Number of protein chains: 2
Amino acid sequence: MKKDTTENKEYVIMESETITIYDVAREAGVSMATVSRVVNGNQNVKETTRRKVLDVIERLDYRPNAVARGLASKKTTTVGVVIPDIANSYFASLARGIDDIATMYKYNIVIANSDGEDGKEINVVNTLLAKQVDGLVFLAHNLSDKIRAEFSRTRTPIVLAGAVDPEDQIPSVNIDYTVATKEVTLELAKNNQKIALVAGPMVNAINGKERLVGYQEALAESGLTFSEGLVFETTYSYPAGLKLAERVKASGATAAVVTDDEVAVGLLNGLVNSGVKVPEEFEIITANNSVITEFTRPTLSSIEQPLYDLGAVSMRLLTKMMNKEEVAGKRVILPHGFVKRGSSK
Amino acid sequence: MKKDTTENKEYVIMESETITIYDVAREAGVSMATVSRVVNGNQNVKETTRRKVLDVIERLDYRPNAVARGLASKKTTTVGVVIPDIANSYFASLARGIDDIATMYKYNIVIANSDGEDGKEINVVNTLLAKQVDGLVFLAHNLSDKIRAEFSRTRTPIVLAGAVDPEDQIPSVNIDYTVATKEVTLELAKNNQKIALVAGPMVNAINGKERLVGYQEALAESGLTFSEGLVFETTYSYPAGLKLAERVKASGATAAVVTDDEVAVGLLNGLVNSGVKVPEEFEIITANNSVITEFTRPTLSSIEQPLYDLGAVSMRLLTKMMNKEEVAGKRVILPHGFVKRGSSK
DNA sequence: TTGTAGGCGTTATCAT
DNA sequence: ATGATAACGCCTACAA
């Protein structure tokens, strides 16, 4: 096609190769700068030439190349989202909140699953940064030192959602896990002597620690003694909870605070399957209040977290940072609540 | 910093501005071409110079700029994923399959929620194409003509997951919805005279039609008459199903085939809430066999779809297309099954 | 209001 | 094996 010597308009239109801002400029009889201006909504363009250019753009079906634009402007209008598992309803809800706000501010999100593993997290963060994302939303239940080190090497704005930075360097959006966990533990302490804490992997890590503290405070206030044997670590999945039911039951506990809804559903069903009556013989309170808490019978009592909002607010915060607005307060705490349903008395 | 006149190594190292392939080249005493070669694993580099370059890269903490690379190579190693709602567990599972395979082949995914709306779909497809994604996975229950028109304008590889192209132009990965729907309807026809079909919005659209056909075939084979009044359209969400329970019950149906798990859960709970005994008085079979089918009491019988695989296979197919391998067969049909659980007799 | 020209950080094609 | 030197498609002062 390039060899075609019939240099007329038809030629240009038929041309199936990439059409650039330059083609539009030539066809419209203006400079590429002008085309760039109309494409970017710059006001300094005479109305008639704007029309003319717009016409040509439509006729040639021209689409600005965002990659080239990104290279020239050093902005990609893309943000990275590191997420443990998009198939987990808790994180999926956050992701939806993030994407909606991102869309509102003309950003796209590139999502990378990390499975909450250090190695993968570092990997995806680096490839995301290599892709020049304008910002990063990091979802996790925990923030390892390695990942913190990685974060400190970049000037790309980052916000944490659902995890807190112990050093308080990185802005984050959360609820107060300590207080929330304490409250529900207190609730359970009304009717129970042995209350289990079913937490994610690494209860001893930063974020689990917050919950652990709340749990322990509640025990202390209730005059109950803390026992390692009542603390369970698990991965975040339904089967994991199901499997755990046996052990929790064997521990002698008559109630449990669970930090992930899918795990809670698993625990509930596992217990019920083996003949345990919930809430009569065993009470459960879960943590995320995702829709699935209403799916079960009995339904699951839960700490009430504004899931969608956690995502939405963190993205909103990120837009401010990307816009170099000074943000007041590095740590945003969203209000939480408690929804009593069928799994607790 | 740029004004600093002390032109020594310290200067370069301290420099906090972007460090480029050019900096590495200068520092290593080679040309940028050579640096590019080692970064890209080109074999034509003497081992000693490779070492030298690698050293400098580490010392300067150099990271290749993927945007510049994308502009020069015309490849972004990024694929777009258009998805109705990432918070819906069905789509979330597909997304996970997609991302895992994408990661395996060194691609990242940029996800865009479309809510299944024509307008948004067209919008996001265009911005994704503008971002020069190397390929596109389009998730939907339906493929509108408008979106087809949009697809025909680009040479970017596209694959459909969970939706079929009536014109059979665009490669797709699915199960056989007609057969699957027919099978479960037949199952319900054993014990029921009036069977409802609870489908997504636009049952009359392409994809809904496949299911509708299976539903009708089963009715015919069972000697039952089709009635418009037994076909329900709804959006894909738990509340939608919950709300629908009343109407379904009022229709006189004693069984329902549901095309979305969350809707099925809603229907189930709505029915049970109003005193209907499932499955004794009302049978339900849902369609996606996502984990939530095990959350409920009774558990939900379901068509068994390989959710993760649907995503994984479509991404695999896309990698082949992006790699310009000729793919055999535009339409991949994955096997489906049926899992009998508590909601059907 | 419009045009010119120099990047942006790589890749890729030729030479050497 | 290595090095110049164009692209790649757009943005953005700076001029006019």
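Residue numbering restarts at 1 for every chain, and letters A, B, ... go by the order of the sequence lines. Everything quoted here is computed from the prediction, not taken from an experiment.
Remark: K52(A) pairs with no residue by the side chain to side chain donor-acceptor pair (under 3.5 Å) rule, at least two apart or across chains. The salt bridge (Lys or Arg N to Asp or Glu O under 4.0 Å) test applied to D85(A) returns R96(B), not counting sequence neighbours. Remark: F151(A) engages F138(A) in a ring-ring contact (aromatic ring centres under 6.0 Å, His included) (not counting sequence neighbours). Every residue meeting the salt bridge (Lys or Arg N to Asp or Glu O under 4.0 Å) condition with R50(A), not counting sequence neighbours, appears here in chain and number order: E47(A). Taking the side chain to side chain contact (heavy atoms under 4.5 Å, CB included) definition, one finds that Y105(B) meets it with I101(B), Y107(B), R316(B), T319(B), sequence neighbours left out.
Around atom CD of E58(B), no more than 12 heavy atoms belonging to other residues, nucleotides or ligands sit under 6.0 Å away.
At the phosphate of dT10(C), OP1 or OP2 sits under 4.0 Å from a side-chain N or O atom of Y62(B).
Protein atom CE of M32(A) is 11 Å distant from nucleotide atom P of dT4(C), rounded to whole Å. Residue I21(B) contributes atom CD1, which lies 12 Å from atom C1' of dA12(C) at whole-angstrom precision.
Note that OG1 of T76(B) is 9.5 Å distant from CG of N108(B), once rounded to the nearest 0.5 Å.
For the segment residues 35-46 of chain B, the set of residues with a heavy atom within less than 4.0 Å of an atom of DNA chain D comprises R37(B), N44(B), V45(B), K46(B), in numerical order. Looking at residues 124-132 of chain A, you'll see that no heavy atom sits under 4.0 Å from any atom of DNA chain D. Contacts of residues 67-76 of chain B with DNA chain D (heavy atom under 4.0 Å): L71(B), A72(B), K74(B).
Where DNA chain D meets chain B (any atom under 4.0 Å from a heavy atom), the bounding nucleotides read 5' to 3' are dA1(D) to dG9(D).
Contact check for I147(A) versus V125(A): side-chain heavy atoms found under the 4.5 Å cut-off. At least one side-chain heavy atom of K131(B) sits under 4.5 Å from a side-chain heavy atom of T78(A). When side chains are defined from C-beta on, I170(A) does not count as touching V159(A), because their heavy atoms never get closer than 4.5 Å. Contact annotation: the side chain of Y62(A) approaches that of I21(A) to within less than 4.5 Å [non-hydrogen atoms, C-beta and beyond].
In this structure, R63(B) reaches the sugar-phosphate backbone alone: every heavy-atom distance under 4.0 Å involves primed, P, OP1 or OP2 atoms, never a base.
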Show me the donor-acceptor pairs within less than 3.5 Å that the side chains of residues 33-41 of chain B make with the rest of the protein, sequence neighbours left out.
unit_1 : atom_1 : unit_2 : atom_2 : d
S36(B) : OG     : N40(B) : ND2    : 3.3
N40(B) : ND2    : S36(B) : O      : 2.8

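With the end axes of the helix from dT1(C)-dA16(D) to dT16(C)-dA1(D) each set by five pairs, the angle from one to the other reads 30° at 10° resolution.
With respect to the salt-bridge test (charged N to carboxylate O, under 4.0 angstrom), the residues D61(A) and R153(B) qualify.
Here side-chain hydrogen bond (donor to acceptor under 3.5 Å, both in side chains) pairs that include residues 63-75 of chain A, with residues two or more places apart or in two chains, are R63(A)-N126(B).
Checking D165(B), D118(B), D168(B) one by one against R148(B), the salt bridge (charged side-chain N to carboxylate O under 4.0 Å, His left out) holds for a single residue, D165(B).
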